[in-house]
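Report on the following structure.
Along the sequence shown, residues are numbered consecutively beginning with 1. Keep in mind it's a predicted model, so treat the numbers as computed, not measured.
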Amino acid sequence: MKTLFSRLFFLTLAVYVFASCTGDPLVKPIKDGIDAQNYEAAIVAADSALLTDPTNAMALYYRGYALNMKAGATDDIAAREAMYREMRSNLVDARAAFAAMEKAPAESEQVTNLILNAWGREHNEAIAYALDDSVMATVENPLDYSIQHLVNATTANPDSTLSYDVLAQVYYMNSDYEGAATAMARVIELKNPGEASEYDRLASYNFLMGKPDVAVNALEEGLALYPDSTSLIQKMADGLFQTGNTDRALELVEGLVANDPTNAQYRLVIGTQIYQRVMTLSDSVSANSDMIYEIRDEDEARVEELNAINEELREQIDMLTKRAEDALVAAAEIEPNNPMIFNTLGVVYQNKAAALFDLRNNTVDNDEAMRLDELAKAEATLAMENYERAAELDPENTSYWESLFRIYTSLGMLEEAEAAMEKAGM
């Protein structure tokens, strides 16, 4: 996971000491408290000065300064968050007050440096807890420490896309996908627009949370900006498949195939997804057939209606099966050592065989039964050949041997079936 941080860097910023002198007697006790490292006394003195004049730029500045120093001296990293929030508020108000002056003091030029000092300190400590083995070994759950440091860093400097980017990565490493998505959404919001890779990551985090609809929304935004991003298109297709928008998903993947016809993975996705639809349609045919059997002697009109529906469904099944088969065969030609392709082809042929065996069993015409039996065995043989190829390529995959056991059994190859059963551990 350390490679995730290849773009990150450490930074060192000095805390700028008092850059000017002031004759304001209300400010002197604040500075005295800071000099003595009694930051609480400095803050109390600043509060007194601000009671007299809430717009006192120097009091605001040094109060923020004291809070920064106090946070840096505080071991409880979670307690620092509130200090940084106050610090930033004081320094932002000080900046505005300095800007209203006809001649601002030198402190006005150090406001940004103070903010960056606090941010850099917390950001660097976060990196150490995420990457440095020696630092990580000092605590339990070091990623929790890294996250808190990053929360502190973004509290001090909420405009830091770098820290939010790292925060998303550390949340991901800590299996907090919601936190990762929230941080990455903030990166995109700050950059406006984000990069293609950032929309990609935001979608990935939402997929991991089981929110494909939210992932699709992020991908829609990304693709509107980066319509040629192959990665975004791939993830969009995945999201559309997950949300049931199969037609559009297939359209996207087929576009990928057109742009990269030698990519076997795209064709495998097409074949697999189309065949999943075939299985859904086949389930509908089976349900209708069961209904026909139940009412065959009671409702002739309904039986005819269901038979007509099944006929239409079978036509769709045949068309989609051919489409899936063509995609998978093409994938196998491109990538002949991918066992998943051959296993999927085996499933296609086995189910074609099963459908033909069912038709054979339901006909009363002996000649037709013999014809269907030959067709079914031919498809079963194709299934066997593809399962054998998958098992040859990945002999440790027991599911391939289970499939071979079933297909050998259906073909009456009992010795082969027994051997496959043993390899499947059945």
Side-chain angles (χ1 to χ4, degrees), residues 1-11 71 74 76-85 88 115-116 118-222 229 231-232 234-236 238-239 242:
M1 298 305 295
K2 292 185 180 181
T3 56
L4 290 172
F5 292 91
S6 59
R7 294 188 298 132
L8 307 183
F9 58 87
F10 288 83
L11 50 95
T74 299
D76 184 349
I77 60 172
R80 297 180 190 177
E81 183 181 347
M83 298 176 201
Y84 288 129
R85 187 172 292 109
R88 180 174 180 82
I115 291 172
L116 291 179
W119 165 70
R121 177 174 59 230
E122 295 294 330
H123 182 93
N124 287 344
E125 289 189 37
I127 298 295
Y129 278 110
L131 291 181
D132 190 324
D133 291 337
S134 61
V135 175
M136 295 171 71
T138 63
V139 297
E140 292 185 12
N141 306 316
L143 293 180
D144 290 342
Y145 284 77
S146 180
I147 288 167
Q148 183 60 61
H149 279 300
L150 287 164
V151 169
N152 292 345
T154 54
T155 300
N157 184 16
D159 297 327
S160 172
T161 57
L162 176 62
S163 288
Y164 278 112
D165 189 310
V166 180
L167 182 57
Q169 295 183 49
V170 179
Y171 271 131
Y172 167 75
M173 293 166 64
N174 210 30
S175 300
D176 184 346
Y177 306 127
E178 185 171 359
T182 300
M184 184 48 55
R186 179 61 177 157
V187 171
I188 292 171
E189 179 185 356
L190 287 169
K191 288 189 174 181
N192 191 30
E195 299 172 15
S197 61
E198 290 157 354
Y199 290 100
D200 188 314
R201 286 170 59 194
L202 178 57
S204 296
Y205 299 144
N206 279 290
F207 279 131
L208 288 168
M209 282 192 286
K211 296 181 178 180
D213 52 335
V214 180
V216 166
N217 290 338
L219 292 164
E220 292 275 15
E221 293 179 19
S229 170
S231 178
L232 291 180
Q234 290 174 329
K235 279 194 169 59
M236 173 63 88
D238 185 30
Q242 290 189 42

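Side chains of Glu198 and Asp200 form no contact here, defined as non-hydrogen atoms less than 4.5 Å apart. The shortest side-chain heavy-atom distance between Asn217 and Asp213 does not fall under the 4.5 Å cut-off. In this structure, the side chains of Leu162 and Trp119 come closer than 4.5 Å at one or more pairs of heavy atoms. Side-chain contact between Tyr172 and Tyr177 is present, with at least one heavy-atom pair separated by less than 4.5 Å.
In this structure, CD in Glu140 is found 8.0 Å from OH in Tyr145, a value given to the nearest 0.5 Å. Here the CD1 atom belonging to Ile147 is positioned 10.0 Å from the CD1 atom belonging to Ile77, to the nearest 0.5 angstrom. Within the model, atoms CG of Leu143 and CG of Leu150 stand 10.5 Å from one another, a figure rounded to the nearest 0.5 Å. The structure places CG of Asp165 at 10.0 Å from CD1 of Ile188, a figure rounded to the nearest 0.5 Å. In this structure, the separation between CD on Glu122 and OG on Ser160 is 12.5 Å, given to the nearest 0.5 Å. Thr154 OG1 to His123 NE2: the interatomic distance, rounded to the nearest 0.5 Å, is 11.0 Å.
Salt-bridge formation is detected for the pair Glu189/Arg186: a Lys NZ or Arg NE/NH1/NH2 atom is positioned less than 4.0 Å from an Asp or Glu carboxylate oxygen. Here Arg121 does not pair with Glu125 in a salt bridge; the nearest charged N to carboxylate O distance is not below 4.0 Å.
Using cut-offs of 30° and 60° for the angle between ring planes, the His149 and Tyr129 rings count as parallel.
The salt bridge (charged side-chain N to carboxylate O under 4.0 Å, His left out) test applied to Glu178 returns no partner, not counting sequence neighbours. Remark: Phe207 engages no residue in a ring pair (Phe, Tyr, Trp, His ring centres under 6.0 Å) (not counting sequence neighbours). Remark: Asp144 pairs with Asn174 by the side chain to side chain donor-acceptor pair (under 3.5 Å) rule, at least two apart or across chains. Residues that satisfy the side chain to side chain donor-acceptor pair (under 3.5 Å) test with Glu221, not counting sequence neighbours, are absent from this structure. Looking at residues two or more places apart in sequence or on another chain, you find no salt bridge (charged side-chain N to carboxylate O under 4.0 Å, His left out) involving Asp76.
For residues 153-164, the pairs satisfying salt bridge (Lys or Arg N to Asp or Glu O under 4.0 Å) are Arg88-Asp159, with sequence neighbours left out.
Residue Ser163 comes nearest to Ala153 through the heavy atom pair OG-CB, 3.9 Å, listed as atom of the first residue, atom of the second, then distance. When all heavy atoms of Leu219 and Tyr199 are compared, the closest pair comes out as CD2-O, 4.4 Å. Taking every heavy atom of both residues into account, Ala71 and Arg80 meet most closely at O-NE, 3.2 Å. Considering every non-hydrogen atom in both Ala156 and Ile115, the closest pair reads O-CG2, 3.4 Å. Between Thr74 and Ala79, the shortest heavy-atom contact is CG2-CB, 4.4 Å. In this structure, Ala128 and Val135 approach most closely via the heavy-atom pair O-CB, 3.8 Å.
Side-chain atoms of Asn206 come within 3.5 Å of backbone N or O of Leu202 as a donor-acceptor pair.
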Candidate pair Asp238 and Gln234, rule side-chain hydrogen bond (donor to acceptor under 3.5 Å, both in side chains), full reasoning: CA-CA 6 Å; Asp238 185 30; Gln234 290 174 329; over 6 Å; no

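Remark: the Asn152 side chain and the Gln148 side chain contain an N/O donor-acceptor pair separated by less than 3.5 Å.
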